[in-house]
Amino acid sequence: MLANVSSAERMASHQMQRFQFVVVGGGIAGVTCVEQLASDFPSAEVGLITAASHIKAVANFKQVSQTLEEFDVEERPPSVLQEKYPNVTVFQSAVRSLQADQHTLQTEDGRSVGYEKLCICSGARPKLLTQDQPYVLGVRDTDSVQEFQKRLSSAKRIVVVGNGGIALELVFEVRGCEVVWAVKDKAIGNTFFDAGAAQFLIPSLEAQRPPRDAVCKRARYTTEQGGDRRRPGSGSTGAGSALGPDWHEGFLLRGAEQVRRQAQPSKGQLMVSPTVGAWPVYVRLTNGRTVGCDFIVSATGVVPNTDAFLQGNNFSLAEDGGLRVDDHMMTSERDVYAAGDVCSACWEPSALWQQMRLWTQARQMGWFAGRCMAADVLTQPIELDFCFELFAHITKFFNYKVVILGKFNAQGLGADHELLVRCTKGQEYVKVVLRGGKMVGAVLVGETDLEETFENLILNQMDLTPYKDELLNPNIDIEDYFD
Ligand SMILES: Cc1cc2nc3c(=O)[nH]c(=O)nc-3n(C[C@H](O)[C@H](O)[C@H](O)COP(=O)(O)OP(=O)(O)OC[C@H]3O[C@@H](n4cnc5c(N)ncnc54)[C@H](O)[C@@H]3O)c2cc1C
Ligand SMILES: NC(=O)C1=CN([C@@H]2O[C@H](COP(=O)(O)OP(=O)(O)OC[C@H]3O[C@@H](n4cnc5c(N)ncnc54)[C@H](OP(=O)(O)O)[C@@H]3O)[C@@H](O)[C@H]2O)C=CC1
């Protein structure tokens, strides 16, 4: 009898639920894709399967210029999505396995789901310096920031490894704790800046800043009081969605003492030594120094979440481990699309665009993947969207507005370029990248008000050779000049 009941239950749980569209991942890419599909096809059933308890949604979207966009990100309960789009069903469970040839997938909580078209938006997880080291933390989602915050509250010294977005934000935001920043490059912020911009920003880092208010300015991320769900050092499992703009605003990043920051130029691999003294962990830097600290933050990039549930299929992966997608966001498996941090753009890109795993690109890719899936169902042609024409990112570092456009670091240009720079200490840093007299990239730090004009100059590829001397002349209103 008992055996019969459990097999009946098993059958019920294995009954297939079918959807025209299924999206995996409730981060910004997945949610944008679902919204696009649900509004394009109000009569189609759209399923969203996500491991996290909350979804991420775009709020206060503002198109700043043709390609620059700004928005807030809000963490919301999945019911909000279902209330707005009655044709959307959200399952809160991780996907365990996928059979792309049969158009089916299984969730950890025992469901079987069938799809006509699938979009994988499972994001990425921190690429930690070492795995399973209790003193090495990564920062990705709300849970991992809470773990970081908890450890920081009793820390006297931490070592931050990495020179990208997270490291830049952390070394600036952390208060009350000595921060040793292990940087293997000659300048700070290598993923966003060159040495000139870094030089401009360094004084902000060294300046004595007032302590941060204990009260959050904008607490964008809700926090679940679920007790200690992670063991120390686990960082993020990848189950939660990535944080985004101003993530630190909602968290008080304060250590146990009021002390200093120091950058340690250190080339190559960093080694975590076993305990040999008073500190819980020691880090041997390649410049020969050994630094003791309470814990290490590995801000060393991300790895796309392509493992586990995708095994057994024929997905082509890019060198960085992402799912290869073509200019229709289609993977190598039939009817399977991918968007956001999990994918690697493998189409022939515009000369002025490159992929960076950013909030903005997650939104754009999710939206475009939704449009491509719709076009496929309707057998309509679709062109690669204009947003992939020019790389454009707007953010904030060290309290400065930062706009980066095109080949902002002369990526891939070799020696075939010229740089124009204007810098006013404490106010602005402007860098323009020219190739053959045409503008191909720019970095704008501070309130320069140049983004729209420079974006136009990059997009229209005007020959600027005759104007080169005036281009960055602060006494010339460049907007009027090119009107
Ligand atoms: C600390 C931090 C600060 C950042 N700051 C900025 C910034 O200022 N500006 C900016 O542009 N970008 C920023 N980024 C990058 C940005 O957050 C990411 O590029 C973006 O969130 C990626 O979105 P996504 O939807 O692709 O992935 P994610 O947000 O990671 O979402 C992935 C989703 O997939 C789900 N998932 C994973 N595996 C499974 C599975 N097996 N089954 C079901 N669901 C699954 C997860 O639960 C999650 O909901 C920051 C990132 C971090 C970590
Ligand atoms: N404001 C914004 O726009 C922000 C964006 N983000 C995004 O979030 C994601 C995660 O951020 P983050 O982790 O900072 O990743 P990033 O890719 O931005 O930076 C990783 C950094 O770690 C360095 N690195 C990699 N491996 C090692 C190693 N073994 N030893 C020492 N250094 C190493 C990289 O150097 P190298 O390049 O030489 O390999 C690079 O400087 C990124 O996609 C980032 O763009 C994050 C925060 C803010």
Side-chain angles (χ1 to χ4, degrees), residues 23-33 48-56 69-71 73 75 78 91-98 105-108 120-130 138-142 144-145 148 160-170 182-185 188-192 235-248 251 266-271 285-286 297-310 320 322 338-343 355-363 365-366 393-397 402 404:
V23 176
V24 175
I28 217 67
V31 171
T32 311
C33 183
L48 170 64
I49 307 176
T50 183
S53 58
H54 283 67
I55 56 152
K56 289 274 158 71
E69 54 188 53
E70 258 184 321
F71 51 87
V73 175
E75 210 171 53
F91 301 108
Q92 200 240 303
S93 177
V95 173
R96 194 183 56 215
S97 59
L98 166 70
L105 41 83
Q106 283 74 41
T107 61
E108 289 290 356
I120 298 172
C121 304
S122 50
R125 61 181 181 280
K127 185 174 74 187
L128 294 183
L129 212 49
T130 58
V139 176
R140 177 74 186 174
D141 47 23
T142 312
S144 57
V145 176
F148 169 66
V160 176
V161 184
N163 198 12
I166 293 182
L168 274 173
E169 294 192 329
L170 278 185
V183 176
K184 69 182 164 68
D185 313 282
I188 62 165
N190 74 327
T191 53
F192 291 95
S236 171
T237 58
S241 304
L243 298 159
D246 293 345
W247 60 276
H248 39 74
F251 300 93
S266 142
K267 287 205 180 82
Q269 199 72 29
L270 200 107
M271 333 256 284
L285 303 175
T286 49
V297 182
S298 178
T300 40
V302 296
V303 194
N305 281 327
T306 52
D307 38 15
F309 76 97
L310 297 179
D320 61 8
D341 278 10
V342 74
C343 80
Q355 181 178 10
M356 268 180 91
R357 289 190 163 86
L358 293 168
W359 205 258
T360 29
Q361 292 196 357
R363 194 202 69 78
M365 287 178 169
H393 184 49
I394 184 161
T395 185
K396 214 183 211 191
F397 286 117
V402 172
I404 48 180

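Quick note: residue numbers are just sequence positions, from 1. Atoms within a ligand are numbered from 1 in the order they appear, just like the ligands themselves. Please read all numbers here as calculations on a predicted model, not as lab measurements.
- Of the heavy atoms in Ile49, only backbone atoms (N, CA, C, O) come closer than 4.0 Å to ligand 1.
- Only the side chain of Thr395 comes within 4.0 Å of ligand 2, judged by heavy-atom distances.
- Contacts of Arg357 with ligand 2, taken as heavy-atom pairs under 4.0 Å, involve both backbone and side chain.
- Using a 4.0 Å cut-off between heavy atoms, Ala362 contacts ligand 1 through its side chain alone, with no backbone atom that close.
- Between the CG atom in Leu48 and the CZ atom in Phe91 there is a gap of 9.5 Å [rounded to 0.5 Å].
- Closest of all the heavy-atom pairs between Gly138 and Ser144 is O-CB, 3.6 Å.
- Heavy atoms of Phe309 found under 4.0 angstrom from ligand 1 belong exclusively to the side chain.
- Between the side chain of Arg357 and the backbone N or O of Gly123 there is no donor-acceptor pair closer than 3.5 Å.
- Across Ala124, Cys121, Gly25, Ala51, heavy-atom proximity to atom 32 (C) of ligand 1 is greatest for Cys121.
- With hydrogens and angles ignored, the 3.5 Å screen pairs a side-chain donor or acceptor of Gln361 with a backbone N or O of Met356.
- At least one N or O atom of Gly165, backbone or side chain, sits closer than 3.5 Å to an N or O atom of ligand 2.
- Less than 4.0 angstrom separates some heavy atom of Ala52 from each of these atoms of ligand 1: 47 (O).
- Of the options Arg357, Met365, Glu108, the smallest heavy-atom separation from atom 15 (C) of ligand 1 is shown by Arg357.
- For the ligand labelled ligand 1, residue Arg140 lies inside the 4.0 Å heavy-atom shell.
- Applying the 4.0 Å criterion to heavy atoms of Glu169 picks out, from ligand 2, the atoms 1 (N), 47 (C), 48 (C).
- Between Glu69 and Ile394, the closest heavy-atom pair is O-CG2, 3.2 Å.
- Closest heavy-atom contact between Pro78 and Ile55: CA-CG1, 4.3 Å.
- Between Val95 and ligand 1, an N or O atom pair is found at a separation short of 3.5 Å.
- When all heavy atoms of Cys343 and Met365 are compared, the pair lying nearest together is SG-SD, 3.6 Å.
- Of the polar atoms of Ser93, none of the N or O atoms is found under 3.5 Å from an N or O of ligand 1, judged by distance alone.
- Here Asp341 has no heavy atoms under 4.0 Å from ligand 2, in either its backbone or its side chain.
- Neither the backbone nor the side chain of Trp359 has a heavy atom within less than 4.0 Å of ligand 2.
- Phe309 pairs by the ring-ring contact (aromatic ring centres under 6.0 Å, His included) definition with nothing, not counting sequence neighbours.
- Ligand 2 has no atom lying under 4.0 Å from any heavy atom of Lys396.
- Taking a cut-off of under 4.0 Å to the non-hydrogen atoms of Ile28, the atoms of ligand 1 that pass are 25 (O).
- Among Leu129, Val139, Leu128, the one residue that satisfies the side-chain contact (heavy atoms from CB on, under 4.5 Å) test with Val297 is Val139.
- Contacts between Ile166 and ligand 2 below 4.0 angstrom, taking non-hydrogen atoms only, involve backbone and side chain alike.
- Within the listing of ligand 1, atoms 25 (O), 26 (O) sit less than 4.0 angstrom from a heavy atom of Ala29.
- In terms of N/O distances under 3.5 Å, ligand 1 is not approached by Gly340.
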Using the side chain to side chain contact (heavy atoms under 4.5 Å, CB included) rule, take Val402 and Phe192 through it: C-alpha gap first, then chi angles, then the decisive distance, then the call. CA-CA 9 Å; Val402 172; Phe192 291 95; 5.7 Å; no

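- Listed by number with element, the atoms of ligand 1 under 4.0 Å from a non-hydrogen atom of Ala94 are 42 (N), 43 (C).
- The N/O atoms of Val139, backbone and side chain alike, include none that comes under 3.5 Å of an N/O atom in ligand 1.
- The SG atom of Cys33 sits 11.5 Å away from atom CD1 of Ile120, with the distance rounded to the nearest 0.5 Å.
- Here the side chain of Thr360 pairs no donor or acceptor atom with the backbone of His393 at under 3.5 angstrom.
- Counting atoms of ligand 2 from 1 in the listed order, those under 4.0 Å from a heavy atom of Leu129 are 28 (C), 29 (N), 30 (N).
- At least one N or O atom of Asp341, backbone or side chain, sits closer than 3.5 Å to an N or O atom of ligand 1.
- Neither the backbone nor the side chain of Leu168 comes within 4.0 Å of ligand 2, counting heavy atoms alone.
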Could you check Val24 against Leu98 for side chain to side chain contact (heavy atoms under 4.5 Å, CB included), going step by step and ending with a plain yes or no? CA-CA 11 Å; Val24 175; Leu98 166 70; over 6 Å; no

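- Of all the heavy atoms of Arg96, none lies under 4.0 Å from any atom of ligand 1, so neither backbone nor side chain is involved.
- A donor-acceptor contact shorter than 3.5 Å links the side chain of Thr300 to the backbone of Lys127.
- Atoms of ligand 2 found under 4.0 Å from any heavy atom of Val161, numbered from 1 in the order shown, are 31 (C).
- Residue Asn190 touches ligand 2 through its side chain alone, judged by heavy-atom distances below 4.0 Å.
- The nearest non-hydrogen atom to atom 15 (O) of ligand 2, considering only Gly301, Ala124, Gly189, Ala182, comes from Gly301.
- Set against the non-hydrogen atoms of Phe397, the atoms of ligand 2 under 4.0 Å away are 1 (N), 2 (C).
- Per-residue contacts place Val24 under 4.0 angstrom from the following atoms of ligand 1 (heavy atoms of the residue considered): 42 (N), 43 (C), 44 (N).
- The closest non-hydrogen atom to atom 31 (O) of ligand 1, taken over Cys33, Gly27, Ser53, comes from Gly27.
- In this structure, CZ in Phe397 is found 10.0 Å from CD1 in Ile188, a value given to the nearest 0.5 Å.
- Residue Gly164 holds the heavy atom nearest to atom 16 (P) of ligand 2 of all those in Ser298, Gly164, Ala167.
- Summarising the geometry of Ala167 relative to Ala299, their closest heavy-atom pair is N-CB, 3.8 Å, with the distance given to 0.1 Å.
- Taking only non-hydrogen atoms, the option from Ser97, Ala299, Ala308, Gly123 nearest to atom 27 (O) of ligand 1 is Gly123.
- Defined by atom type and a distance below 3.5 Å, a donor-acceptor pair is missing between the side-chain atoms of Glu108 and Ser93.
- Proximity to Thr360 (heavy-atom distance under 4.0 Å) selects the following atoms of ligand 1: 11 (O).
- Counting atoms of ligand 1 from 1 in the listed order, those under 4.0 Å from a heavy atom of Leu358 are 10 (C), 11 (O), 12 (N), 19 (O).
- A donor-acceptor pair under 3.5 Å links the side-chain atoms of Asn305 to the main chain of Ser122, judged by distance alone.
- The salt bridge (Lys or Arg N to Asp or Glu O under 4.0 Å) test applied to Glu70 returns Lys62, not counting sequence neighbours.
- The two atoms that bring Leu285 and Ala182 nearest to each other are CD2-CB, 3.9 Å, heavy atoms only.
- In Thr50, the parts holding a heavy atom less than 4.0 Å from any atom of ligand 1 are both the side chain and the backbone.
- Residue contacts with ligand 2: Asn163 is placed with a nitrogen or oxygen under 3.5 Å of a nitrogen or oxygen of the ligand (distance criterion only).
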